Amino acid sequence: MTIIITAFERSPDGGKGLARDTRVRWALEEVGQPYEVRRLSFHAMKEPAHLALHPFGQIPTYEEGDLALFETGAIVLHIAERHAGLLPDDANARARATAWMFAALNTVEPPILELATARLLEGDKPWNKERMPLVEDRVRDRLNLLSARLGDADWLDGAFSAGDLMMVSVLLRLRSSGILDEFPNLAAYVARGEARPAYRRAFAAQLAVNTGKRPS
Ligand code: GTB
C-alpha cells in the first residue's frame, strides 16, 4: 500500500531539514519503506481537505490505505511498530525506546521550541535581551542531564532506535544557536545520527524538494 506524507511546498528553512517531515522521511528510510510526498502551500494546509487529515492544519501527515495520522510522534511510532529496524525485539527494551521518543518530544523539545520562538518571533521585543539568557539556560538544564545520561555511549539505550531518531531530530534544531557545541558528546551523538545512510537519504530528498536539486 502506498504511503503518502505531506510536507511544505517550500520549507521556510530552505532545505536545512528542520521541518518535521524530515523525521518521518528518516523513519521510513530506516525501515526501507518507499513513500510519496504531497507538498502543500501554507494556504492549502488550512483548507478543509487537509484539515480533515490534520486538525491543526499542519504538516506532516501520513496516509496508508484507510489510515490517516498526524503528529510526528504517533507517525514514527506507527512506522516503528509495523516494520523492523527502529524498535528492539525485547518488550522492555521496546518500552524504554518508546520512553525516549516521549522524552524527546515532551521534555527536551519544549525548551528548544521556546528558544526558537524567542529568537525568531520575539527578537524585536524590548524585553528579549533580558529573557534570552533564561530561555537558553532552560535548554542547557535539559542538555546537561541528557549529556550525563548519554555519557560516552553511541545511543541512548543500546542499539539505535526510534528514541534516538526522535532525540537527534529534536537536537538538530539547536545547531544554529551554538548551544549544542557546549556538549561535545551530544554534538557527536547528533553527528552520528546525521551520518546514518537513512538520514542522509531523507535529508537529500527534502533538500531536493526545497532547492530543486536532485538527490545525488
Ligand atoms: N506537534 C506536531 C508534530 O510533531 O507533528 C507539530 C507539527 C508542526 O509544528 N508542523 C509545522 C507546521 O505545519 C511544520 S514543522 N507549521 C505551519 C503551521 O502551523 O501553520 C515545524 C517547523 C517549521 C519550520 C522550520 N524551519 O523553517 O526551520 C522548522 C520547524
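Computed from a predicted model, the values in this text were never measured in an experiment.
Looking at Val135 and Thr117, their side chains never come closer than 4.5 Å, going by heavy atoms from C-beta outward. The closest side-chain heavy-atom distance from Leu172 to Thr22 is not below 4.5 Å. The side-chain heavy atoms of Ile59 and Met45, taken from C-beta on, include a pair separated by under 4.5 Å. Side chains of Tyr35 and Val37 form a contact here, defined as non-hydrogen atoms less than 4.5 Å apart.
The line from OG1 of Thr72 to CE of Met101 is 8.0 Å long, rounded to the nearest 0.5 Å. Here CD of Glu136 is found 12.0 Å from CG of Asp141. Values are rounded to the nearest 0.5 Å. Leu115 CG to Met132 CE: the interatomic distance, rounded to the nearest 0.5 Å, is 5.0 Å. Summarising the geometry, atom CD1 belonging to Ile75 is positioned 9.5 Å from atom CG belonging to Leu67; distances are rounded to the nearest 0.5 Å. The structure places CG of Leu77 at 9.0 Å from CZ of Arg82, a figure rounded to the nearest 0.5 Å. In this structure, the separation between CD on Glu47 and NE2 on His43 is 3.5 Å, given to the nearest 0.5 Å.
Here Arg119 pairs with Ser176 under the side-chain hydrogen bond (donor to acceptor under 3.5 Å, both in side chains) rule; sequence neighbours left out. For Asp90, there are no side-chain hydrogen bond (donor to acceptor under 3.5 Å, both in side chains) partners two or more places apart in sequence or in a different chain. Residues meeting the side-chain hydrogen bond (donor to acceptor under 3.5 Å, both in side chains) test with Ser177, sequence neighbours left out: none. With sequence neighbours excluded, the residues satisfying salt bridge (Lys or Arg N to Asp or Glu O under 4.0 Å) with Arg196 are Glu30. Residues passing the salt bridge (Lys or Arg N to Asp or Glu O under 4.0 Å) test with Glu29 are Arg201, sequence neighbours excluded. Scored by the side-chain hydrogen bond (donor to acceptor under 3.5 Å, both in side chains) test, Thr61 finds Thr6 as partners (sequence neighbours excluded). Legend: residues meeting side-chain contact (heavy atoms from CB on, under 4.5 Å) with Phe203, ordered by chain and number and at least two apart, are Tyr199, Gln206, Leu207.
Nearest heavy-atom pair, Gly193 versus Trp26, reported as atom, atom and distance to 0.1 Å: O-CZ2, 3.6 Å. Counting all heavy atoms, side chain and backbone alike, Asp89 lies closest to Arg94 at O-CD, 4.0 Å. Nearest heavy atom pair, residue Ala68 against residue Leu53, reads CB-CD2, 3.7 Å. Between Leu86 and Ala80, the closest heavy-atom pair is CB-CB, 3.7 Å. Summarising the geometry of Gly163 relative to Leu156, their closest heavy-atom pair is O-CD1, 4.4 Å, with the distance given to 0.1 Å. Heavy-atom minimum distance, Ala118 versus Asn128: O-ND2, 3.1 Å.
Under a 4.0 Å N-O distance rule, the pair Arg175/Glu194 qualifies as a salt bridge. Salt bridge Glu63/Arg38: present, at least one basic N to carboxylate O contact under 4.0 Å.
At distances below 3.5 Å, not a single donor-acceptor pair connects side-chain atoms of Arg96 with backbone N or O atoms of Ala91. Although no hydrogens or angles enter the test, the distance criterion places no donor-acceptor pair under 3.5 Å between the side chain of Arg39 and the main chain of Ala7. A distance-only check finds a donor-acceptor pair linking the side chain of Asp13 to the backbone of Leu18 [under 3.5 Å]. Formation of a donor-acceptor pair under 3.5 Å by the Asp21 side chain with backbone atoms of Phe8 is not found in this model.
Among residue pairs with one or both ends in residues 64-97, those qualifying as ring-ring contact (aromatic ring centres under 6.0 Å, His included) are His54-Phe70, Tyr62-His78; sequence neighbours excluded. Within the structure, ring-ring contact (aromatic ring centres under 6.0 Å, His included) pairs that include any residue of residues 91-131 do not occur (at least two apart or interchain). Each side-chain hydrogen bond (donor to acceptor under 3.5 Å, both in side chains) pair with one or both residues in residues 182-193, not counting sequence neighbours, appears once here: Arg140-Glu182, Ser147-Asn185, Asp164-Tyr189.
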**OP:** Take Gln33 and Ile79 through the side-chain contact (heavy atoms from CB on, under 4.5 Å) test and state the conclusion after the steps.
**Re:** CA-CA 9 Å; Gln33 284 296 305; Ile79 295 167; 5.7 Å; no
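In the hydrophobic clustering, Leu120 connects to Leu121, either directly or through intervening members, whenever side-chain heavy atoms lie under 4.5 Å apart.
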Between side-chain atoms of residues 105-112 and protein atoms elsewhere (two or more places apart, or another chain), which donor-acceptor pairs fall under 3.5 Å?
from: Glu109; atom 1: OE2; to: Arg23; atom 2: NH2; distance (Å): 2.9

